[in-house]
Amino acid sequence: DRFATTPLFFHQRKWSVIREFFDSMGRSTRESNWLDVGCGRGELLRLGQSAFGRVAGCDLSQEMLKASADLEVRLQMAPIELPFESETFDLVTAVCVYHHVGLPDRDALTWDAFRVLRPGGVLCVIEHNPVNPVTRRIVQRTPVDANANLLPHSEARRLVGSAGFSCLDTRFFLYLPEIAFRGMPWLQAFLKHVPLGGQYALFAGKNWMRR
């Protein structure tokens with residue numbers, strides 16, 4: 001509550017990081033299809049849907065999906081199975097999903113994300129940064145994260161590499177509370193590659209040249 005005035009701030013920051021990545025790559029998303037894994041109530045999809053040709057989501061919780069009736073959403077029957085056909089999407093996002101996925105299942109989820117992406121598509125994994133002490137404290141106090149197993153960005157890089165992705169970029173954000181961020185947005189851009197932010201976004205490409 002002291003970090004942001006409303007939960008919407010966190011969704012807005014995530015969408016900004018995604019948009020800025022594609023802008024930096026010079027890639028338009030107007031004709032692209034986007035899948036948000038673990039979409040919940042669909043807040044992130046609503047923020048970005050006007051920038052994409054098609055947006056869709058899936059989640060393990062039927063109750064969460066009830067709030068997404070205005071969106072194309074499907075129920076996931078298992079954490080490692082995405083209920084969509086192969087090579088359907090140009091962007092797959094998994095936002096704060098992996099820390100709820102059991103360690104033995106994380107590779108399988110990443111492989112399935114690879115499956116549903118078209119060649120040239122992008123996987124974006126956004127996760128809490130366990131290096132940040134404030135993040136760890138917030139996670140410990142949040143009931144929904146009671147059984148969370150945080151994913152370091154180094155392990156996220158290993159996961160995407162093992163599934164056949166090429167790592168394209170990692171951006172760190174949520175350094176500042178909302179009030180401070182509104183006053184100094186330039187500071188976030190300056191610190192985006194310093195691995196201390198409250199969260200990080202890892203971007204990985206399918207059939208891209210490795211970096």
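This is a predicted model, so every value here is computed, not measured.
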Would you please say whether a donor-acceptor pair under 3.5 Å links the side chains of N149 and H100? no

Counting neighbours of CZ on R41 that are heavy atoms of other residues, nucleotides or ligands and sit closer than 6.0 Å, is the number greater than 12?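 Not buried by this count: 12 neighbours or fewer within 6.0 Å.
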
To the nearest 0.5 Å, what is the distance between [atom1] ([X]) and [atom2] ([Y])?
X: F165; Y: L117; atom1: CZ; atom2: CG; answer: 5.0 Å
X: T110; Y: L159; atom1: OG1; atom2: CG; answer: 4.5 Å
X: T135; Y: N129; atom1: OG1; atom2: CG; answer: 6.0 Å
X: T93; Y: K14; atom1: OG1; atom2: NZ; answer: 11.0 Å
X: R27; Y: L91; atom1: CZ; atom2: CG; answer: 9.0 Å
X: R74; Y: C58; atom1: CZ; atom2: SG; answer: 9.0 Å

Using every non-hydrogen atom in the two residues, find where [X] and [Y] come nearest and quote the distance to one decimal.
X: S61; Y: M64; result: OG-N, 3.1 Å
X: D105; Y: V101; result: CB-CG1, 3.7 Å
X: L168; Y: A204; result: CD1-C, 3.9 Å
X: R157; Y: T170; result: NH1-OG1, 3.8 Å
X: Q199; Y: C96; result: NE2-SG, 3.7 Å

Answer yes or no: is there a side-chain heavy-atom contact under 4.5 Å between [X] and [Y]?
X: L44; Y: W15; value: yes
X: F89; Y: W34; value: no
X: L75; Y: L60; value: no
X: F172; Y: H153; value: yes
X: F52; Y: N33; value: no
X: H128; Y: R136; value: no
X: E72; Y: V55; value: no
X: D107; Y: R158; value: yes

Is the distance between the ring centroids of F173 and Y200 under 6.0 Å? no

So if you build clusters from Ile, Leu, Val, Met, Phe, Trp, Tyr with side-chain heavy-atom gaps below 4.5 Å, do [X] and [Y] land together?
X: L191; Y: V131; value: yes
X: L103; Y: I80; value: no
X: W111; Y: V37; value: no
X: F190; Y: F21; value: yes
X: V17; Y: L47; value: yes

Apply side-chain contact (heavy atoms from CB on, under 4.5 Å) to the pair L71 and Q49, showing each step before the final yes or no. CA-CA 10 Å; L71 299 167; Q49 64 180 337; 3.7 Å; yes

Got a donor-acceptor contact below 3.5 angstrom from the [X] side chain to the [Y] backbone?
X: K206; Y: G121; result: no
X: S32; Y: G53; result: no
X: S28; Y: R30; result: yes
X: S68; Y: V73; result: no
X: E127; Y: Y98; result: yes
X: R115; Y: F84; result: yes

Apply side-chain contact (heavy atoms from CB on, under 4.5 Å) to residues L174 and F10 and explain how you reach the verdict. CA-CA 8 Å; L174 290 182; F10 298 102; 3.9 Å; yes

CA sep, side-chain torsions, deciding dist, call: F114, V92, side-chain contact (heavy atoms from CB on, under 4.5 Å): CA-CA 9 Å; F114 188 93; V92 171; over 6 Å; no

So does K66 pair up with D59, basic N to acidic O under 4.0 Å?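 Salt bridge flag = no for D59 with K66.
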
Among T88, D90, N207, the one residue meeting side chain to side chain donor-acceptor pair (under 3.5 Å) with R118: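 Only one option passes, and that is D90.
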
Specify whether F203 and F22 have parallel, tilted or perpendicular ring planes, treating 30° as the upper limit for parallel and 60° as the lower limit for perpendicular.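 Geometry flag for F22 against F203: perpendicular rings.
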
May I have the step-by-step check of side chain to side chain donor-acceptor pair (under 3.5 Å) for R171 and S24, ending in yes or no? CA-CA 12 Å; R171 300 182 178 213; S24 72; 2.9 Å; yes

The test is side-chain contact (heavy atoms from CB on, under 4.5 Å); show your working for L65 and C39 and say whether it passes. CA-CA 8 Å; L65 293 178; C39 65; 3.7 Å; yes

